[in-house]
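For reference, the structure is listed below as structure tokens.
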Amino acid sequence: MDRRYNPKTIEEKWQKIWEDQKLFKVTEDSTKPKYYLLEMFPYPSGKIHMGHVRNYSIGDVLARYKWMKGFNVLHPMAWDAFGMPAENAAIEHGVHPAKWTYENIEYMKNQLKRMGFSYDWDREFATCDVSYYKWEQLFFLKMYEKGLAYKKRSIVNWCEICQTVLANEQVMSDGTCWRGHADDPGVTQRELDQWFFKITQYAEDLLEWCDKLPGWPERVLTMQKNWIGKSVGAEIYFPLENSKEVIKVFTTRQDTVFGATFMSLAPEHPLALSLSRGTPQEEAVKHFIEKMKRQDQLKRTAETAEKEGVFTGAYCLNPMTGARMPIFVANFVLMEYGTGAVMAVPTHDQRDFEFAKKFGLPMIVVVQPNGHNLNPETMSEAYEGEGILINSGPFNGMDSIKAREAIARYLEERGLGGKKVSFRLRDWGISRQRYWGAPIPIIYCERCGTVPVPEKDLPVVLPFNVEITGMGKSPLALVKEFVETKCPNCGGPARRETDTMDTFVESSWYFDRFACPDYHEGPLDKKRVDYWMPVDQYIGGIEHAILHLLYSRFFTRVLKEFGWVSVEEPFTNLLTQGMVCKEVYECPKDGYLFPEEVEGQGERFLCKKCGGKISVGRLEKMSKSKKNVVDPEYLIERYGADTARMFCLFASPPEKDLDWSDQGVEGSFRFINRVWRLFFELEPRLRGIESLPFGSALEGEQRTLRQKTHKTIKKVTEDIERFHFNTAISAIMELVNEIYVSKVKEYNDEISLRVTREAIETVVRLLFPFVPHVAEELWEALGYQGSLIKTQWPDYDPEAVKEEEVLIVIQVNGKLRDRITLPASFGEEEVKAWALKSERIRRLIEGKEIKRVILVPRKLVNIVC
RNA sequence: GCCGGGGUGGCGAAAUUGGAAUACGCGCGAGACUUAGGAUCUCGUGGUCGCGAGACUGUGCGGGUUCGAAUCCCGCCCUCGGCACCA
């Protein structure tokens with residue numbers, strides 16, 4: 001046998017064995033506890049990147065560990081296969097998106113296999129398979145039936161680069177597209193007819209359950225709560241002057257209603273134009289609305305933007321005071337939030353304050369803070385805090401917090417409004433003006449209007465022959481055979497919807513489909529879904545904190561209502577792994593540079609192109625545009641999959657960002673080699689030797705080594721359970737170091753051989769989840785047959801980890817002064833006595849009065865004097 | 001501005017319940033082996049002072065609680081991320 005570590009040979013060998021024996025295939029089994037482990041599935045972009053390697057390495061540790069712990073582990077993999085890049089490839093390289101996608105899948109699948117991940121490949125599917133998306137079309141129909149899918153004309157986000165609409169969740173806070181284009185000009189607004197999913201119907205439930213997901217990271221839940229954005233307040237009706245109509249307003253500060261002196265409408269508010277009609281203000285209002293329309297929404301609504309507005313010429317009345325309130329149109333009011341109209345209380349709202357100052361509008365103080373006397377004349381900013389109500393009729397003297405409740409009730413009793421809750425969350429816009437997606441199963445008939453495709457006519461298959469232009473209109477609109485159809489109602493001529501569904505729809509339920517990917521009588525086989533769901537552990541990037549994770553929670557609620565799933569929440573535990581980062585080289589003139597384009601001289605780095613100084617050291621997420629990617633392919637080729645896996649797991653804990661380090665990779669490779677060498681140095685003498693039974697009484701070096709072995713089992717087990725893979729690996733390293741320095745491995749008596757065998761065998765078993773190929777190879781070399789996956793995870797011998805002696809730290813006044821080794825059996829008084837007897841301690845406390853002696857059993861004695 | 005992470009050696013990091021700060025790895029230094037090694041094995045490695053035993057100091061900063069604080073409390077600073085003219 002080749003005694004050198006040759007990753008290529010052994011990795012190919014074991015991957016074939018795993019595949020041939022279908023070791024990771026699972027079926028429902030009621031005799032074992034189930035464990036559904038899932039990592040976010042990849043988009044088949046061409047080849048895997050380091051983020052995938054990290055994500056899937058983390059998952060694979062857990063999968064293999066749980067198998068060995070006796071769980072029935074579902075660990076599947078699929079492809080999030082619809083989406084933009086396939087169409088771009090079509091435009092750039094003239095290749096059909098389907099061909100491009102399926103070829104990428106083949107290639108990436110092969111890469112994942114070469115990483116040695118333990119997937120049940122029999123469950124694989126791609127979301128662009130008709131057999132997958134047809135069920136999604138069924139969901140759409142059911143949602144349409146229940147009013148959960150609807151079409152409306154609205155102002156939507158438009159990405160110039162993707163040439164399609166984006167959902168609110170898909171626009172980043174800097175106004176760019178979630179896909180992170182290199183030179184993103186920012187999203188713009190368009191008014192379009194679009195399909196929406198009514199996620200807002202579940203806003204309250206989605207929010208409430210955030211507090212019932214203890215297995216989720218706090219920061220993800222916080223982000224979701226922020227995104228849903230619940231505000232508790234009141235709705236108030238302001239009657240229009242000389243009219244029966246009212247303007248509805250949402251406010252969280254109904255306690256300040258007596259101070260409302262004017263009204264602000266969003267430019268898009270339907271009343272804005274109609275109120276000014278026929279007044280001298282009409283032209284000005286029209287002009288202002290036009291101007292707002294042209295302006296970028298992000299800029300218009302930036303906090304720093306100057307308050308702008310125009311008087312409509314109309315008035316409404318304060319329902320509490322009867323005061324005449326001029327109605328304005330203002331740039332800072334958003335049509336999408338609340339009612340699109342805001343009662344303006346300049347004294348207690350900074351925006352209204354600025355607006356009132358600019359237009360010289362009246363100001364009345366209605367909340368008086370403790371110990372101050374606010375005067376509208378002298379106020380330099382609004383007072384937004386709490387206080388005692390004044391100028392508020394029957395509510396004078398009331399605490400502002402209590403007044404909110406009282407005024408809401410008052411409004412309700414008189415039909416002037418009432419309690420109201422508002423959410424920031426908007427409905428999910430799912431129409432995409434793109435080809436490579438699931439067609440929306442809707443038909444438009446001239447006579448019957450919008451008609452859903454009958455269930456029996458599903459699937460609406462995405463046609464193959466399409467010209468892809470990327471020009472901002474669905475390419476499907478150009479496919480006559482697709483568009484032109486008959487109305488299922490009247491049989492007359494009709495046209496199909498040509499937009500496709502957002503790809504986030506596919507990823508909102510793929511985890512359910514894994515339970516029954518071969519089921520064809522319906523979308524989900526309830527019995528099997530009930531067996532596997534919910535996902536016990538979900539692992540993926542933090543970038544989906546809102547997007548995919550919120551959509552999936554929404555979809556789960558919908559599918560539960562339809563009776564296809566039984567769970568409220570799809571993912572019991574969530575692990576969000578950090579990004580893989582590497583330093584970037586940036587030249588002020590030439591932009592980002594590859595490392596080879598940089599000349600390094602100690603602290604100074606120069607650009608090879610222009611000779612200018614380069615800034616280095618900044619760590620950024622690996623990305624092509626930043627020119628700081630490392631191709632996993634290179635790692636597999638040069639070091640093997642085991643090294644790549646181990647580096648990702650060892651360099652930092654899963655939730656943290658991982659800083660790339662070439663030397664770190666070398667270190668991991670070196671460790672594997674170190675284990676390999678040690679193993680084959682010992683192996684010839686250990687053949688046929690058996691480990692010691694539990695409870696064996698040993699002494700001296702033998703006991704020390706065996707104790708380290710069992711302590712390591714304990715530590716690694718606990719660390720895997722709490723996802724501290726980096727410390728689990730370091731514990732194994734310690735054991736390896738201990739074997740290296742232990743003399744026991746050189747002795748030839750039976751006990752020494754057995755202790756050594758147990759130690760090295762333990763290293764192999766504990767390494768399996770992290771570096772499975774190496775572990776399998778060494779396991780086989782130990783004379784065992786069959787995969788380690790079929791073996792039990794080792795238990796530690798409680799007898800072996802017991803300490804006979806303990807190191808006691810002695811402190812004087814909390815400072816470390818000495819340490820002594822004592823038999824573990826010593827009682828409190830004995831330990832104290834020995835501590836006080838120490839030579840160094842005696843010197844230190846000489847002549848001082850001992851006030852107290854604190855003892856932490858088996859750890860330390862602190863003498864206070 | 002609000003909310004949430006995080007800040008520990010030259011670097012990645014560890015310390016699970018308030019009990020030895022810096023495990024493990026990288027880097028660096030010394031030694032062994034060697035014709036040689038950038039391979040391998042062993043040892044050392046927070047800072048200051050000291051020949052030394054040792055002393056002092058040290059987990060972003062300032063206070064506090066405690067016999068004892070990286071860990072708990074109060075007040076700041078920096079940094080990353082989310083939300084943000086949200087009524």
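These numbers were taken from a predicted model, which means no experiment stands behind them. Reminder, nothing fancy here: chain letters follow the sequence lines and each chain counts from 1.
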Whole angstrom is fine here: how far is it from CD1 in A:I542 over to P in B:C83?
12 Å
If you assign A:A731 and A:L844 each to the RNA chain B nucleotide with the nearest heavy atom, which residue ends up on the more 5' nucleotide?
A:A731
Taking for each residue the nucleotide of RNA chain B bearing the nearest heavy atom, is the 5' side occupied by A:T222 or by A:S730?
A:T222
A:F671 CZ to B:G25 C1', straight-line distance once rounded to whole Å
10 Å
I'd like to know if A:K815 reaches the base of B:U57 with its side chain such that a donor and an acceptor end up less than 3.5 angstrom apart.
no
Quick note, A:D659 side chain, CB onward, closest among B:G12, B:G19, B:A20 is B:G12
Check every atom of B:C86, B:U16, B:G82 against the side chain of A:K715 and return the nucleotide holding the closest atom.
B:U16
As a test of the definition: with a 90° window around 0 for syn, would you call B:G9 syn or anti?
syn
Assign A:R819 to base, sugar-phosphate, or nothing according to its heavy-atom contacts below 4.0 angstrom with the strands shown.
base
Does the pair A:K230/A:E208 count as a salt bridge with the N-to-O cut at 4.0 Å?
no
Can you list the residues that meet the side chain to side chain donor-acceptor pair (under 3.5 Å) rule with A:E721, with sequence neighbours excluded?
A:Y65
Roughly how many Å apart are B:C76 and B:A87, using the C1' atom of each and rounding to a whole number?
32 Å
pair_partner(B:U48), Watson-Crick or wobble, both distances < 3.5 Å, evaluates to B:A55
Nucleotide B:G25, atom C1' - distance to CD1 of A:I672 in whole Å
13 Å
With a 3.5 angstrom cut-off on both distances, give the Watson-Crick or G-U wobble partner of B:U79, or none if there isn't one.
B:G5
Choose from B:A87, B:G12, B:U40 the nucleotide whose nearest atom is closest to any side-chain atom of A:R677.
B:U40
Out of B:A87, B:A13, B:A21, minimum distance to the side chain of A:L816 belongs to B:A21
Mind checking if A:K656 touches a base, just sugar-phosphate, or nothing, with heavy atoms under 4.0 Å?
sugar-phosphate
Check step by step if side-chain contact (heavy atoms from CB on, under 4.5 Å) holds for A:L860 and A:N862.
CA-CA 7 Å; A:L860 82 117; A:N862 187 12; 4.1 Å; yes
Base, sugar-phosphate or nothing for A:R858? Non-hydrogen atoms, less than 4.0 Å.
nothing
Heavy atoms under 4.0 Å, any strand shown: does A:S231 hit a base, just sugar-phosphate, or nothing?
sugar-phosphate
Just compare B:C85, B:C26, B:C83 and give me whichever is closest to any side-chain atom of A:N226.
B:C83
To the side chain of A:H724, which of B:A15, B:U16, B:C24 is closest?
B:A15
Mind checking if A:V342 touches a base, just sugar-phosphate, or nothing, with heavy atoms under 4.0 Å?
base
If you look at every strand shown and take non-hydrogen atoms under 4.0 Å, does A:Q811 touch a base, only sugar-phosphate, or nothing?
base
Specify the separation, in whole Å, of atom CZ of A:R670 and atom P of B:G38.
12 Å
What does A:R722 touch in the nucleic acid at a heavy-atom separation under 4.0 angstrom: a base, only the sugar-phosphate, or nothing?
base
From the set B:A87, B:A55, B:G12, return the single nucleotide nearest to any side-chain atom of A:F650.
B:G12
Under 4.0 angstrom, heavy atoms only, what part of the nucleic acid is A:P653 near: base, sugar-phosphate, or nothing?
sugar-phosphate
Taking B:A87, B:C83, B:C24 as options, the one with an atom nearest any side-chain atom of A:W227 is B:C83
Listing time: all N or O pairs from protein to nucleotides 42-48 of chain B that are below 3.5 Å?
| from | atom 1 | to | atom 2 | distance (Å) |
| --- | --- | --- | --- | --- |
| B:U42 | OP2 | A:R674 | NH1 | 3.4 |

Tell me which nucleotide, if any, is Watson-Crick or G-U wobble paired with B:U34 when both distances must be under 3.5 Å.
none
Determine whether the aromatic ring centres of A:F355 and A:F328 lie less than 6.0 Å apart.
yes
Please report, rounded to the nearest Å, how far the C1' atom of B:G12 is from the CZ atom of A:F647.
8 Å
By the Watson-Crick or G-U definition, both distances under 3.5 Å, B:G25 is matched with B:C11
Could you verify whether a donor N or O on one side chain and an acceptor N or O on the other, from A:E169 and A:W428, lie under 3.5 Å apart?
no
Can you find a side-chain donor-acceptor pair between A:Q224 and A:R553 that sits under 3.5 Å?
yes
For A:T643 and A:Y5, test the side chains for any donor-to-acceptor distance below 3.5 angstrom and give the result as yes or no.
no
Heavy atoms from C-beta onward define the side chain here; which of B:C67, B:A87, B:G19 lies closest to that of A:T251?
B:A87
Under 4.0 Å, heavy atoms only, any strand: does A:N673 hit a base, just the sugar-phosphate, or nothing?
nothing
So what does A:I732 hit on the nucleic acid, given a heavy-atom distance under 4.0 Å: a base, only sugar-phosphate, or nothing?
nothing
Would you mind classifying the nucleic acid contact of A:R424 as base, sugar-phosphate or nothing, using non-hydrogen atoms under 4.0 angstrom?
base
Distance-only side-chain donor-acceptor flag, A:E738 / A:Y740, under 3.5 Å:
no
Rounded distance in Å - CG (A:L649) to C1' (B:G25)
14 Å
If we call it a pair only when both distances are under 3.5 Å in a Watson-Crick or G-U wobble match, what pairs with B:A84?
none
Nearest to side-chain heavy atoms of A:T727, which nucleotide of B:U16, B:A23, B:C67:
B:A23
Atom pair distance, as rounded to whole Å: CD in A:E734 and C1' in B:A15
12 Å
Polar side-chain contact A:K307-B:C85 base: donor and acceptor under 3.5 Å:
yes
For A:E718, check salt bridge (Lys or Arg N to Asp or Glu O under 4.0 Å) against everything at least two apart and list the hits.
A:K714
Quick check: any donor-acceptor pair below 3.5 Å linking the side-chain of A:N862 to the base of B:C67?
yes
Examine B:C67: is either OP1 or OP2 under 4.0 Å from a nitrogen or oxygen in the side chain of A:R852? Give yes or no.
yes
A:F669 ring center within less than 6.0 Å of A:F647 ring center:
no
Pick base, sugar-phosphate or nothing for A:K230, based on heavy-atom distances below 4.0 Å to the nucleic acid.
nothing
Indicate whether any N or O donor in one side chain lies under 3.5 Å from an N or O acceptor in the other, for A:N737 and A:R674.
yes
Write down the distance separating the C1' atoms in B:A15 and B:U59, rounded off to the nearest Å.
11 Å
Nucleotide B:G6, atom C1' - distance to CG of A:L619 in whole Å:
15 Å
Would you say the side-chain atoms of A:E386 and A:S400 include a donor-acceptor pair closer than 3.5 Å?
yes
